[in-house]
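We use all heavy atoms of the structure for the numbers below, so side chains are in, but hydrogens, waters and symmetry mates are not. This is a predicted model, so every value here is computed, not measured. The chains referred to below are lettered A, B, ... by the order of the sequence lines, with proteins before strands, and numbering in each begins at 1.
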There are 2 protein chains.
Amino acid sequence: MTDDDFDLSRFLPYALNQAAEATSIGFQKYYRQRYGMLRTEWRVLFHLGRYGAMTAKGICDRASLHKTKVSRAVYALEQKRFLVRTPQEQDRRHETLALTRQGQVVYSDLFEAAKSYDAKLSAHFTAQEREILNRCLEKISKL
Amino acid sequence: MTDDDFDLSRFLPYALNQAAEATSIGFQKYYRQRYGMLRTEWRVLFHLGRYGAMTAKGICDRASLHKTKVSRAVYALEQKRFLVRTPQEQDRRHETLALTRQGQVVYSDLFEAAKSYDAKLSAHFTAQEREILNRCLEKISKL
DNA sequence: TGTTGTTAGTTACAAATCAAACTAATATCT
DNA sequence: AGATATTAGTTTGATTTGTAACTAACAACA
């Protein structure tokens, strides 16, 4: 490869970051404007809504998020009355997090918004492109 | 699409962000450990090294970076003696940014590191996947 | 039982980011 | 020329993030 072939737009860390930023900005307005949520809060909410009640540690592991970030997001969502904590009987270090009814409603709303936002993005790609894109991103995330 | 088909790993803003994070972390050590640089500093340096001297505004536009971020990165790179500013004669609001010799050396080093890091990542993909991935990311960034 | 280690989650402080206000230089319009 | 608007870039203060130290609950083992 000569130097001329390698510019920033083909450097994966850069290209991925640019693309991630571009799509994030568009989706932010749903959770930010409507519910005053931060990105980590939206993720925690999504995890609970999509995969059911679980512990903060569970979210950390599934989402590759640091525990301090999750801790703060959980606190914020609790303040908003979107979730409740229940310490586990057999081990009081663990607390089960579960969405409140209100949290469920918000989740449903954001879930629909996410689906249609994603559909809007997908419209720019062929089925093959979309499939390969998914596969590549998944592979990269697991490196 | 049923709900079961739509989980976080297929939601583009999420999947892109996870992938971007994963690749960024691996590349950070090059500019962070060796040169104490931040991500924006690395980007500014790369722009100047790859595309030649230009103004801060030019970098903002090309890299879609906010001017405050660039301003601080330029200051940091100046402190490290990696670049110099020269106010333009005909319009003293503009200052041309150019790498110093030392900056060039650092750029070359990081450029090589980037190329080989990218090659290492690319090894996980077929030529077709890599091509489509590039195309998709480029499209998304321009939305 | 007591000591040591581990784990879930929080807190505190430093570093980084964002938005908005600001300065200085130039352009425009009367 | 003089008033107003733009533009490049910086500074400031509030918000957000990252790192490391911390607490509390439990486990393991002498």
Side-chain angles (χ1 to χ4, degrees), chain A residues 17-18 20-22 24-29 31-33 35-45 47-48 53-80 83-98, chain B residues 17-18 20-22 24-26 28-29 31-33 35-44 47-48 53-80 83-98:
Chain A
N17 191 75
Q18 290 294 97
E21 278 307 305
S24 280
I25 285 166
F27 188 61
Q28 265 196 29
K29 67 169 185 287
Y31 55 80
R32 205 158 183 130
Q33 283 181 8
Y35 304 108
M37 285 167 67
L38 259 30
R39 199 188 311 195
T40 309
E41 293 173 43
W42 138 249
R43 283 197 191 181
V44 167
L45 185 91
H47 272 270
L48 295 174
M54 66 177 86
T55 170
K57 180 67 162 57
I59 297 174
C60 291
D61 295 341
R62 287 189 88 133
S64 312
L65 287 169
H66 196 269
K67 58 184 180 173
T68 61
K69 256 179 148 178
V70 171
S71 173
R72 286 185 273 239
V74 166
Y75 177 77
L77 291 170
E78 193 184 26
Q79 293 302 108
K80 296 187 177 78
L83 66 74
V84 287
R85 321 179 191 226
T86 320
Q88 289 180 10
E89 284 297 323
Q90 70 278 21
D91 187 341
R92 266 164 307 169
R93 285 173 304 180
H94 304 253
E95 40 191 25
T96 303
L97 306 171
Chain B
N17 191 76
Q18 291 293 99
E21 277 307 304
S24 281
I25 285 167
Q28 267 196 28
K29 65 168 185 289
Y31 56 80
R32 204 159 183 129
Q33 284 181 7
Y35 303 109
M37 285 167 65
L38 260 27
R39 194 163 13 183
T40 309
E41 293 171 46
W42 140 247
R43 284 198 192 180
V44 168
H47 271 269
L48 295 174
M54 66 178 87
T55 170
K57 180 67 163 54
I59 296 174
C60 291
D61 294 342
R62 286 189 88 131
S64 312
L65 287 169
H66 196 270
K67 57 184 180 173
T68 60
K69 257 178 148 177
V70 171
S71 173
R72 285 186 273 246
V74 166
Y75 177 78
L77 291 170
E78 193 185 28
Q79 292 303 106
K80 294 187 178 78
L83 66 75
V84 287
R85 320 179 192 226
T86 320
Q88 290 181 11
E89 284 298 323
Q90 71 278 21
D91 186 341
R92 265 165 307 169
R93 285 173 304 182
H94 301 72
E95 38 190 29
T96 302
L97 306 171

Discussion item. Would you say that A/Leu38 contacts A/Arg32 through its side chain, given a criterion of any heavy-atom pair below 4.5 Å between the two side chains?
Written reply: yes
Distances for protein N/O vs nucleotides 26-28 of chain D N/O pairs under 3.5 angstrom?
from	atom 1	to	atom 2	distance (Å)
D/dC26	OP1	A/Arg92	N	2.9
D/dC26	OP2	A/Arg92	NH2	3.2

Those residues at least two apart in sequence (or on a different chain) that pass side-chain contact (heavy atoms from CB on, under 4.5 Å) with A/Glu95 are A/Arg85
A/Arg39 CZ to D/dT16 P, in whole Å, measures 13 Å
Q. Under a 4.5 Å cut-off applied to non-hydrogen side-chain atoms, are A/Glu78 and A/Tyr75 in contact?
A. yes
Hits for side-chain contact (heavy atoms from CB on, under 4.5 Å) against A/Arg43, two or more places apart or cross-chain, chain-then-number order -> A/Arg39, A/Leu65, B/Tyr14, B/Asn17, B/Gln18
Sorted by chain and number, sequence neighbours left out, side-chain hydrogen bond (donor to acceptor under 3.5 Å, both in side chains) with A/Ser64 holds for none
So salt bridge (Lys or Arg N to Asp or Glu O under 4.0 Å) across residues 54-63 of chain A, not counting sequence neighbours, yields A/Lys57-A/Asp61
Those residues at least two apart in sequence (or on a different chain) that pass salt bridge (charged side-chain N to carboxylate O under 4.0 Å, His left out) with A/Lys69 are none
The correct set of residues in residues 53-63 of chain B placing a heavy atom under 4.0 Å from DNA chain C is none
Closest heavy-atom pair, A/Leu97 versus A/Leu48, reported as atoms and distance to 0.1 Å, is O-CD2, 3.6 Å
DNA chain C: first to last nucleotide in contact with chain A (atom under 4.0 angstrom from a heavy atom), 5' to 3', is C/dT6 to C/dA12
Residue set satisfying ring-ring contact (aromatic ring centres under 6.0 Å, His included) with B/Tyr35, at least two apart, ordered chain then number -> none
Expected list for residues 64-74 of chain A near DNA chain D, using heavy atoms below 4.0 Å, is A/His66, A/Thr68, A/Lys69, A/Arg72
- Residue B/Glu89 excluded, over 12 heavy atoms near CD under 6.0 Å: no
Sorted by chain and residue number, the side-chain hydrogen bond (donor to acceptor under 3.5 Å, both in side chains) partners of A/Gln88 (sequence neighbours excluded) come out as A/Thr96
Short side-chain to backbone donor-acceptor contact, A/Ser24 and A/Ala20, under 3.5 Å: yes
B/Leu77 CG to D/dG9 P, in whole Å, measures 15 Å
Assign each of A/Glu21 and A/Leu97 the nucleotide of DNA chain C bearing its closest heavy atom; nearer the 5' end lies the nucleotide of A/Leu97
Contacts of A/His47 meeting ring-ring contact (aromatic ring centres under 6.0 Å, His included) (sequence neighbours excluded), chain-then-number -> A/Tyr51
